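I have placed the structure first, in the form of structure tokens, so that the comments after it can refer back to it.
All heavy atoms count here, side chains included; hydrogens, waters and symmetry mates do not. Throughout, protein chains are lettered first and strands after them, A, B, ... in sequence-line order, and every chain is numbered starting at 1. No experiment lies behind these values; they were computed from the predicted model shown.
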Amino acid sequence: MTKPSLPQGMRDFSAETIRKRNHIFNTIKNVFENYGFEPLETPAMENLDTLMGKYGEEGDRLIFKVLNNGLNDPKNAEKAKDGFEKATQGKSSSLLTERALKYDLTIPFARFVAMNYGQLTFPYKRYQIQQVWRADRPQKGRYREFTQCDADVVGSSNLINEVELAGVYHSVFAKLGLGNYILKINSRKILSSLAEMCGSSELLTDITIAIDKLDKIGIEKVKAELEQRGLNSTQIGLIENYLNISGSNTEKLNKITELLDNTSASEGKSELAFVLNHCEKYNIDIDFTLARGLNYYTGIIFEVKAPLNVQMGSIGGGGRYDNLTELFGVPNVPGVGISFGVDRIYDVMEELKLFPENLQSGIQAIFFNMGEKESLFAYKIMQQVRDNGISCEMFHEFTKMEKQFKYADKKNINFAIIIGSKEIEEKNAVVKNLKTGAQENIGFGELVEYLK
RNA sequence: GUGGUUGUAGCUCAGCUGGUUAGAGCACCAGAUUGUGAUUCUGGGGGUCGUGGGUUCGAGCCCCAUCAUCCACCCCA
């Protein structure tokens, strides 16, 4: 027999963890519903075509692809070999694989909107809490299967949606006890403007990749990377001035106006100003170095950092994308969305001990097994207790009480109920409080009331 | 994809410069204690030391390969 194990980056969750995770899910879900979002679920697998090319080159590499069935059929043998040839050259081939596990929730959502455009009422506000899979190398806070919680609004360009989503972040983190989170905000238009000022909008990707690393590697290494990516010293000088912008949000906006002088810059600036004006309570920081990897963002972008005293990457992010469904043939559906990284939020909350004590509800009472006849009698009593919404169980076999007590301790059960021959005769049960050790006789009729 | 770490009982780990029969704690089972637990005490079961090869009189320990793992980079939540 081989030792059982899990595939890399996959996890089991047992009761305690699930209850804590559900606490996070329920909090997020309630806020989503409170803001008028409605639920959506999409399948684990999508057609490979739906996903490929949407996440950049690196993203494509990290999509989990599912091998076609029936490759061993002689009819398909040649095709399969062709497909394999292509696969070894790094091209994916429908001869070998045509389905894949979903990589995020946004693209399947866009696919759904495109397919159901006629049936949906716009603006369409949906939330989605599901697993996604990435063939990434796992490490701390990063898994191959993880849960995303997304909320998106499509069919509206109004910036009030951005404000609303910032409000969602605020409500959720306040309720989870992470009120001192940091919401960073920027606009892709500012970044585009910077690229234009450097001479070409083509430079946008190179610039964003480099400056995104600023807080990690420092200004000198960013400059080195920019140089390596082919930028000249004038361009790098401009970018350095851009990165050196600091101060309050208002000061940052003023300084960016001095530095960048074109249409995208002023558009980006007024977007940021609008959102900030309506989010005064939310502790938002403008961060011009914020870029975000996904290349479909076009307007405001968000990223949530854990409180400063814990070391954790971003615990959420999002932004505006103007034409996501166009990829699927439906143009002119602007949208904006945010995502919560539940697994990381979990780790942060664990570190800061923010989970409420009363999450581990468990079992209220255990009926001791005092013999075959006795336990069958007690079973009927137990069913009445259960019918009244009190969770309880009976010890599975007649054995000495020490064992039954130890079992109850381990499962953190509050009451032990003893119904033996004596109790049956006297029509009352011995109820022992396992936390205090106190016990008393309770008539069968009063049991439910006593346990409540 | 790149670099490093670790792999010994169900779990967490110890095991000295290579030397008899590989240890501890937790968990499990039994007893002290046949209707009152969390403590304590006694005893017990459990291992092809990740896998394959090599060096050696002799390998858990050294060498090579391989698989798995965790961490970091890349990228990202």
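A close approach under 4.0 Å does occur between a side-chain nitrogen or oxygen of Gln139(A) and OP1 or OP2 of C73(B).
One atom, CG of Leu290(A), and another, P of C76(B), lie 12 Å apart when rounded to the nearest Å. Rounded to whole Å, the distance from CD on Glu425(A) to P on G35(B) is 17 Å. Tyr55(A) places its OH atom 23 Å from the P atom of C74(B), with the value rounded to the nearest Å. As a whole-Å value, the separation of Asp136(A) CG from U2(B) P is 15 Å. Tyr296(A) places its OH atom 12 Å from the C1' atom of C76(B), with the value rounded to the nearest Å. Straight-line distance from the CG atom of Asp343(A) to the C1' atom of C76(B): 13 Å, rounded to whole Å. Straight-line distance from the OH atom of Tyr407(A) to the C1' atom of U36(B): 18 Å, rounded to whole Å. Taking atom CZ of Arg61(A) as the reference point, atom C1' of U2(B) lies 11 Å away to the nearest angstrom.
Within the nucleic acid shown, Glu145(A) has no heavy atom closer than 4.0 Å to any nucleic acid atom. In this structure, Thr399(A) reaches neither bases nor backbone, as no heavy-atom distance under 4.0 Å exists between it and the strands shown. Counting non-hydrogen atoms under 4.0 angstrom, Ile315(A) reaches the backbone sugars and phosphates but no base. Using a 4.0 Å heavy-atom criterion, one finds that Gly317(A) contacts no nucleic acid atom at all. At the heavy-atom level, Gly437(A) lies under 4.0 Å from base atoms of the strands shown. Contact annotation for Tyr143(A): base contact, defined as any heavy-atom pair under 4.0 Å involving a base atom. Contacts of Ile209(A) with the nucleic acid, taken as non-hydrogen atoms under 4.0 Å apart, involve only primed sugar atoms and P, OP1 or OP2.
Note on ring orientation: taking the six-membered ring where Trp is involved, the planes of Phe288(A) and Tyr242(A) are tilted (angle from 30° to 60°).
Considering only side-chain atoms of Met401(A), the nucleotide from A77(B), G35(B), G1(B) that sits closest is G35(B). With distances taken from any side-chain atom of Lys140(A) to the nucleotides A38(B), G35(B), C71(B), the minimum falls on C71(B). Closest contact between the side chain of Ser314(A) and the listed nucleotides A77(B), A72(B), U36(B) involves A77(B). Side-chain proximity of Gln439(A) to G35(B), G1(B), U36(B): nearest is U36(B). Considering only side-chain atoms of Lys400(A), the nucleotide from U36(B), G31(B), C76(B) that sits closest is G31(B). Nearest nucleotide to the Glu402(A) side chain, out of U36(B), U33(B), A72(B): U33(B). The side chain of Gln8(A) lies closest to C70(B) when the candidates are G35(B), C70(B), A77(B). For Lys403(A), counting side-chain heavy atoms from C-beta on, the closest listed nucleotide (A72(B), A30(B), C74(B)) is A30(B). Residue Ser421(A) places its side chain closer to G35(B) than to any other of A38(B), G35(B), U2(B). The side chain of Met370(A) has G35(B) as its nearest neighbour among A77(B), U36(B), G35(B).
More than 12 heavy atoms of other shown residues, nucleotides or ligands fall within 6.0 angstrom of atom CG in Asn433(A). Within 6.0 Å of atom NZ in Lys435(A), more than 12 heavy atoms from other residues, nucleotides or ligands are found, so the atom counts as buried in its surroundings. With a 6.0 Å radius and a threshold of 12 heavy atoms from other residues, nucleotides or ligands, Lys29(A) has its NZ atom at or below the threshold.
Ranked by how close their nearest RNA chain B nucleotide is to the 5' end, Arg144(A) and Ala438(A) are led by Ala438(A). The residue among Ile418(A) and Phe146(A) whose nearest nucleotide of RNA chain B is located toward the 5' end is Ile418(A).
Nucleotide A65(B) has U51(B) as its partner under the Watson-Crick or G-U criteria, with both atom distances under 3.5 Å. Across the strands present, C26(B) finds its partner in G10(B); the criterion is a Watson-Crick or G-U wobble pair with both atom distances under 3.5 angstrom. Across every strand in view, A77(B) sits unpaired, with no contact that passes the Watson-Crick or G-U test at under 3.5 angstrom.
Stacking is not found between Phe340(A) and the pyrimidine-like six-membered ring of the A77(B) base under the 5.5 Å centre-distance and 30° plane-angle cut-offs.
Between the C1' atoms of G35(B) and G23(B), the separation comes to 41 Å (whole Å).
Below the 3.5 angstrom threshold, one finds no donor paired with an acceptor across the side chain of Arg137(A) and the base of U69(B).
Side-chain contact check for Tyr35(A) and Ser171(A): at least one donor-acceptor pair (N or O, by modelled atom type) lies under 3.5 Å. In this model, a donor atom of one side chain and an acceptor atom of the other lie less than 3.5 Å apart for Glu33(A) and Tyr127(A). Side-chain atoms of Gln139(A) and Arg137(A) form no donor-acceptor pair, as typed in the model, at a separation below 3.5 Å.
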